[in-house]
Structure formats: structure tokens, C-alpha cells
*Asks:* 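Here it is: the structure, laid out below.
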Amino acid sequence: MIELHRLTKRYGAVRAVDDLTVTVRPARITGLIGPNGAGKTTTLRMILGLTAPTSGTATTAGRRYADLPSPMRQVGALLDARAAHEGRRVGDHLLWLARSNGLPRWRVGEALRLVGLEQMAGRPIRVLSAGMRRRLGIAASLLGDPEVLIYDDVIGGLDPAGAAWLRTLLRRLADQGRTVLVTGHPMGEMARIADQFIVLDRGRLVADSSAEELSRCAARQRALIRCDDHRFFTARLTAAGARVREGTDRTLVVSGMDGAEIHGLAAAYGVRLHELTPQRPSLEEVLLELVHSGANGDRAGRAA
Ligand SMILES: Nc1ncnc2c1ncn2[C@@H]1O[C@H](COP(=O)(O)OP(=O)(O)OP(=O)(O)O)[C@@H](O)[C@H]1O
């Protein structure tokens, strides 16, 4: 389990992470998402003791990273897959990491096996493809057989087979009861990987919800409508906090407001509704909307 309590990091006037309180639970894959600059990497760096919080705490298994007796046995992480010696052999790199962290030698073979890199053990790191480097980074994170795993931007750039492999591995790790926290941008991939989502915007928590809750809530809060005066009603809906976009065939797609509220608003402004059909968006669409609307400071947080 990872617990963040009022976690804050300021860089001058920038609040990279702003009063963030959230718990990342075991036995599931949690996606930390948000637009560029939302504070995702800064949050991970504070959990890993690489960046000092301005205030608040980040703990794993009840302790700050610096206070963990054997950090690699408790927390495994991959922040940057390029951070490895080019000339060193794959197996030697892991062996060096294991030795310097007091881990047994046999864990190297086990970690290589878990990521399917056994055949590359004797090759220098520079010959590895980007996808293989990612696997090597993941192997390093698994050396200590930790309960908590943290991966920054781990999906981007993988080919479909690589992404499928990673999904299977992360699922297995979560099914073993581990806490798995991943960040990433392609919302389609994040929707396929994670079952819990923490959404950040400008350092603040926008939502902390399961995939199921998000889908259920979005289905209640999205409708396709036909009405007389698009421009007028769009302005009224937007002013009342909904998000509106043009659909196909002269329709409007309204999100963030349920059918009864839309009806009420139409009645209040004398707008004739010809159609109001609830819609069930895909999880990817829900996440995209959350990330986008969080950035506009509107009421997406209600999904939480
Ligand atoms: N070392 C630093 N010095 C100054 N500002 C920083 C530093 N690190 C991060 N920031 C700022 O903090 C904010 C959050 O950055 P962070 O990298 O955590 O966001 P992110 O959500 O990981 O973004 P991305 O999706 O682009 O990786 C940004 O405004 C960024 O410019």
C-alpha cells in the first residue's frame, strides 16, 4: 500500500503537487493519469525519496522510502528505462544491482525469466531495443520481489505485442497481491491496463475511482440530445457546468449532467428537446474526458 497525506511540492510559484491525499491499494493496478505537467512524475519521485516534499508525507508499508530497511525488497520502480550503463552486460547489470542491495544472486536469473530476457543475459545493454530496455528496467524493479511496484510512463512506445506482454505481467503482479502504480498517456492503453484511476491536474486530485465506478457514473452523466437552438442551449448547458460537443447528424453530446438536469434546464429556458438519449462511453473516452475536463477546472471531480 502507498499512502500520500497532504503531499505537496512547490517549485517557486509552481505547485507541482498540491495537497494530495490518496491511498494506492494492493492487489490492483492503479493508473496515475493527468495532462502534461499534472504532477505525476513528481508524485512518484516523492514516493521514491528522489524529491523531497515541501510538506506532507508519502509512505509505503507505513514508512517513508528513506526509512525502509531494505528498499528494493519493499519497492521496485522504473522511472527511466535509459538509465543503465550501455557497455555493461545485461546479467552483470542486474547482478551489480542485486549485490549492492544485499539481494541473493539467484534473483537475477529469476528476474530475467520473469521478463523473458534470459537469452540476452550475456549481451551488452547497448544492443537492446527500446522495448527490451523497458523489460530490463522491469527486471531490475523485480529483483527484490517487492510488494510495491511503481512504473513511470511504462506503456508509451511499446508495440502491440509488447503492450500485451506488459499488461499480462502487471496483471499477474497485481493478482499476487502487490500494489502496482503506473503512469501513462495513451488513455486507450491505460483503460486496458488499470482498474483504479487517480486523476491529477495541476498537482491536485481530480478523481480517485475504479474503472467500474467511472463507467457507471459516465453512463448516467452523458446524453445525446436534439434541440431547436444549438448555440443558445450549448451556452446555457456550459454555463451550468456541462461539457458539450457537436455530435453527428445535428446532435449535441452533453456530459457531466444527467438527463433530469438537462430536461430541467431546457424547460427553464424554453428550449424544445426533440430527443434525449443516455449514452455509454468507453472507458478510454471517460478517461480522456476526465483528463481534459480536469484541465479546464470544471466538475469532472464529481465522478469520484
Ligand atoms: N525539478 C523541477 N524544477 C522546476 N519545476 C519542475 C521540476 N520538476 C517538475 N517541475 C514542474 O512541476 C510540474 C509537474 O511536473 P511533472 O513532471 O511532475 O508532471 P507530469 O504529470 O509527470 O508531466 P508529463 O506527463 O509531461 O510527464 C510541471 O509544471 C513541471 O514543469
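The first residue in the sequence is number 1, and the count goes up from there. Here the structure is a predicted model, which is why all the values come from computation and not from measurement. Just so you know, ligand 1 is whichever comes first in the structure, and atom 1 is the first atom listed for that ligand.
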*Asks:* Where is the nearest protein heavy atom to atom 14 (C) of ligand 1: which residue, which atom, and how far?
*Replies:* Gly37 O, 3.4 Å
*Asks:* Are Arg226 and Asp249 packed together at the side-chain level, in the sense that at least one heavy-atom pair is separated by less than 4.5 angstrom?
*Replies:* yes
*Asks:* Has ligand 1 got any nitrogen or oxygen that is less than 3.5 angstrom from a nitrogen or oxygen of Thr43?
*Replies:* no
*Asks:* Which protein heavy atom lies closest to atom 27 (O) of ligand 1, and at what distance to 0.1 Å?
*Replies:* Thr41 OG1, 3.9 Å
*Asks:* Between Val115 and Trp165, is any pair of side-chain heavy atoms under 4.5 Å apart?
*Replies:* yes
*Asks:* Can you find an N or O of Ala16 that's nearer than 3.5 Å to an N or O of ligand 1?
*Replies:* no
*Asks:* Answer with yes or no whether Gly34 contacts ligand 1, where contact means a heavy atom under 4.0 Å from a ligand atom.
*Replies:* no
*Asks:* Answer yes or no: is there an ion pair linking Asp228 with Arg272, defined by an N-O contact shorter than 4.0 Å?
*Replies:* yes
*Asks:* Identify whether the distance between the nearest side-chain nitrogen and carboxylate oxygen of Glu284 and Arg192 falls below 4.0 Å.
*Replies:* no
*Asks:* For the residue pair Met190 and Gly31, what are the closest heavy atoms and their distance?
*Replies:* CE-CA, 3.6 Å
*Asks:* Which of the atoms in ligand 1, numbered in the order shown and given with their element, are less than 4.0 Å from a heavy-atom of His185?
*Replies:* 24 (P), 25 (O)
*Asks:* List the closest protein heavy-atom neighbour of atom 9 (C) of ligand 1: residue, atom name, distance to the nearest 0.1 Å.
*Replies:* Tyr11 CE1, 3.6 Å
*Asks:* Between Val14 and ligand 1, is there a nitrogen or oxygen pair with a distance under 3.5 Å?
*Replies:* no
*Asks:* What protein heavy atom sits nearest atom 26 (O) of ligand 1, and how far away is it?
*Replies:* Asn36 ND2, 2.8 Å
*Asks:* Is Leu265 close to Phe233 at the side-chain level, that is, under 4.5 Å between some pair of heavy atoms?
*Replies:* yes
*Asks:* Does His93 reach the side chain of Ile125, with side-chain heavy atoms less than 4.5 Å apart?
*Replies:* yes
*Asks:* Could you check atom 19 (O) of ligand 1 against the protein and tell me its nearest heavy-atom contact, residue, atom and distance included?
*Replies:* Gly39 N, 3.2 Å
*Asks:* Between Arg126 and Glu86, does at least one N-O distance fall below 4.0 Å, as a salt bridge requires?
*Replies:* no
*Asks:* Can you pull out the closest protein heavy atom to atom 15 (O) of ligand 1? Residue, atom name and distance to 0.1 Å, please.
*Replies:* Thr42 OG1, 3.8 Å
*Asks:* Looking at atom 4 (C) of ligand 1, is any protein heavy atom nearer than 4.0 Å to it?
*Replies:* yes
*Asks:* Is any NZ, NE, NH1 or NH2 atom of the basic residue among Arg64 and Asp67 found under 4.0 Å from an Asp or Glu carboxylate oxygen of the other?
*Replies:* yes
*Asks:* If the cut-off is 4.0 Å to any non-hydrogen atom of Ala38, which atoms of ligand 1 fall inside it?
*Replies:* 19 (O), 20 (P), 21 (O)
